[in-house]
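Step one of this worksheet: look at the structure below.
Naming convention: chains lettered A, B, ... in sequence-line order (proteins, then strands); numbering from 1 in each chain.
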Amino acid sequence: MSIIQQVTTASLSDNWRTINIDLLDPESSSNFDTSTLHPAFAPVDENEIRGLGQQVRQLLRGGDAEGALRGALEGAPYGGEEGVKEIHLQTVTEVLQSIKASEMTPMLQRIFQTEGGSDVLDVLMKYLYKGMAAPTTRTKAPEPSTGGFSQMGARPGAANESSGAAMSVLLSWHEKVVDVAGLGCVGRCMTDWRKV
Amino acid sequence: MAPPEVHHLFHHPIADHSFSADKQTLAVARDTSVELYGRSGNGFKLKDELKGHDKTVTSVDIALESGRIVTCSQDRNALVWEPSPTGYKPTLVLLRINRAATFVRWSPSESKFAVGSGARVIAICYFEEENDWWVSKHIKKPIRSTITTVAWHPNSVLLAAGSTDAHARVFSSFIKGVDSRPDPGVWGERLPFNTVCGEYLNNSAGWVHAVSFSPSGDALAFAAHDSSITVVYPNGADQPPKSVISVSTQLLPFMSLIWNGEAEIIAAGYDCEAYRFKGDESGWQLTGSLESKGAAGGGAAHEESAFNMFKQMDLKGKTKDDTQLKTVHQNTISTIRVYEGSNDSVRKFSTSGVDGRIVIWNA
């Protein structure tokens with residue numbers, strides 16, 4: 001009742017269709033902080049995430065690409081600032097770029113079959129979308145020098161466009177993750193409150 | 001296994017369906033009215049139409065004992081339809097909500113029903129003899145968003161509700177004079193109205209589409225938009241639950257689920273078919289689809305001649321006719337209900353969906 005009355009008085013001076021009635025309601029959903037709906041994360045330090053990046057790169061240099069990928073994804077800094085998340089995105093992208101196309105599917109299947117593997121692939125999917133959402137911020141990524149690209153069958157000249165090439169790597173990962181983890185994985189990227 | 005019984009009622013989404021106790025009457029929410037179908041031979045025939053809402057009807061439920069039908073709609077009203085010799089007579093229920101009513105279910109005792117709504121409240125409605133009127137009491141806290149679904153505990157006091165704030169919650173809906181005091185159990189000991197007995201959120205946190213208590217009422221399952229089902233085993237009042245098991249699947253999200261005994265859940269949704277989950281307190285897993293694909297696809301066996309192929313390419317620009325899904329339902333399943341048996345042991349269950357089909361399956 002009270003809302004109807006308030007709208008009626010407001011409509012004397014205004015077009016009532018444009019009134020946002022939620023603002024008039026003290027209990028309205030627009031009047032509370034949605035971040036209170038779920039538990040908070042422990043903050044992640046920039047040094048911490050750089051350290052993790054070093055470890056991951058070391059694994060990568062040692063030839064353990066799967067371990068590097070797993071390590072990078074399991075250490076996702078949910079509680080970090082935007083800058084921290086950006087650093088980790090670079091780490092993940094580097095790992096993804098250094099894995100050969102022919103190795104992707106078997107590696108994803110191995111990860112998927114392990115305990116908690118489906119969660120790891122969910123995180124990977126989040127990074128793929130984040131990477132695709134902001135290609136320009138990653139132009140600092142190292143020039144592709146690994147075998148991953150030669151197998152992508154990129155169009156001529158694409159190697160010069162580092163963002164275009166990075167995008168095609170992400171797209172090809174995306175396809176393979178969906179093959180292994182299904183469409184549920186894409187849905188979880190959207191619903192999950194643990195943003196990367 | 002006998003093939004499922006398929007009834008294609010119309011080319012229009014079915015928001016919800018409900019069978020009467022004798023299975024002779026089927027109520028289907030279609031657009032702004034509820035259609036009542038009567039069993040005639042192998043099929044269903046339109047018998048009656050309940051017109052009373054002026055916006056989309058979102059949910060319908062037939063009380064098994066009394067035969068009363070409750071409906072709710074986006075017009076913010078709920079109607080109780082009383083059977084009488086001259087047809088069903090509607091009574092308006094004062095819900096006192098300022099958003100659409102989304103979901104309604106009778107309590108097992110049939111003396112109350114719960115209406116979920118977009119107004120972030122659940123209206124618990126009961127009949128007040130002295131006023132000869134259905135009145136409602138609101139469960140408000142701590143709901144932060146639209147209630148999409150509710151489900152009753154067998155004791156008719158506890159109510160589970162799923163919401164778009166990604167939480168599944170268990171409330172007490174105890175109403176003095178209507179309910180008898182419930183025995184203390186795993187959900188709590190003292191249960192005054194609006195007690196929050198549990199609040200659950202899984203990690204990937206999709207908005208909740210379906211909730212359901214296990215047959216004993218000692219466990220709660222919910223399906224969310226993150227393509228998961230989560231089963232909660234509580235451990236008494238003010239204690240963390242014994243275990244919360246979340247199964248994320250590779251499939252599309254589930255819209256509705258039922259228990260089949262304490263160790264099995266059947267869920268269906270955007271993948272247009274029903275899936276079976278098995279497990280217990282130590283873990284749950286997806287065991288597979290309830291549909292045998294060969295039989296379903298059999299009807300779609302087309303002539304694969306070269307002529308046909310080029311004809312298809314010419315007509316449609318592709319060689320395969322992929323307008324038919326291989327599943328029985330041709331679109332999202334929105335409701336799944338026990339048809340024969342009880343949720344202790346389901347012999348048959350029924351599903352309805354966006355494709356206007358009602359299908360009765362052998363569990």
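- A salt bridge does not link A/E66 to A/R70: none of the charged nitrogens lies less than 4.0 Å from a carboxylate oxygen.
- Ranking B/N203, B/T249, B/N202, B/L252 against chain A, the residue ahead of the rest is B/N203, based on heavy-atom pairs under 4.5 Å.
- With a threshold of 4.5 angstrom between heavy atoms, B/L201 approaches chain A through side-chain atoms but not through N, CA, C or O.
- The aromatic rings of A/H38 and A/F41 lie tilted to each other, with the angle between the two planes from 30° to 60°.
- Looking at B/S172 and B/T195, their side chains never bring a donor and an acceptor atom within 3.5 Å of each other.
- Interface residue A/V180: only backbone heavy atoms are found under 4.5 Å from chain B.
- Below 30°, between 30° and 60°, or above 60°: for B/Y200 and B/W187 the angle between ring planes is above 60°, a perpendicular geometry.
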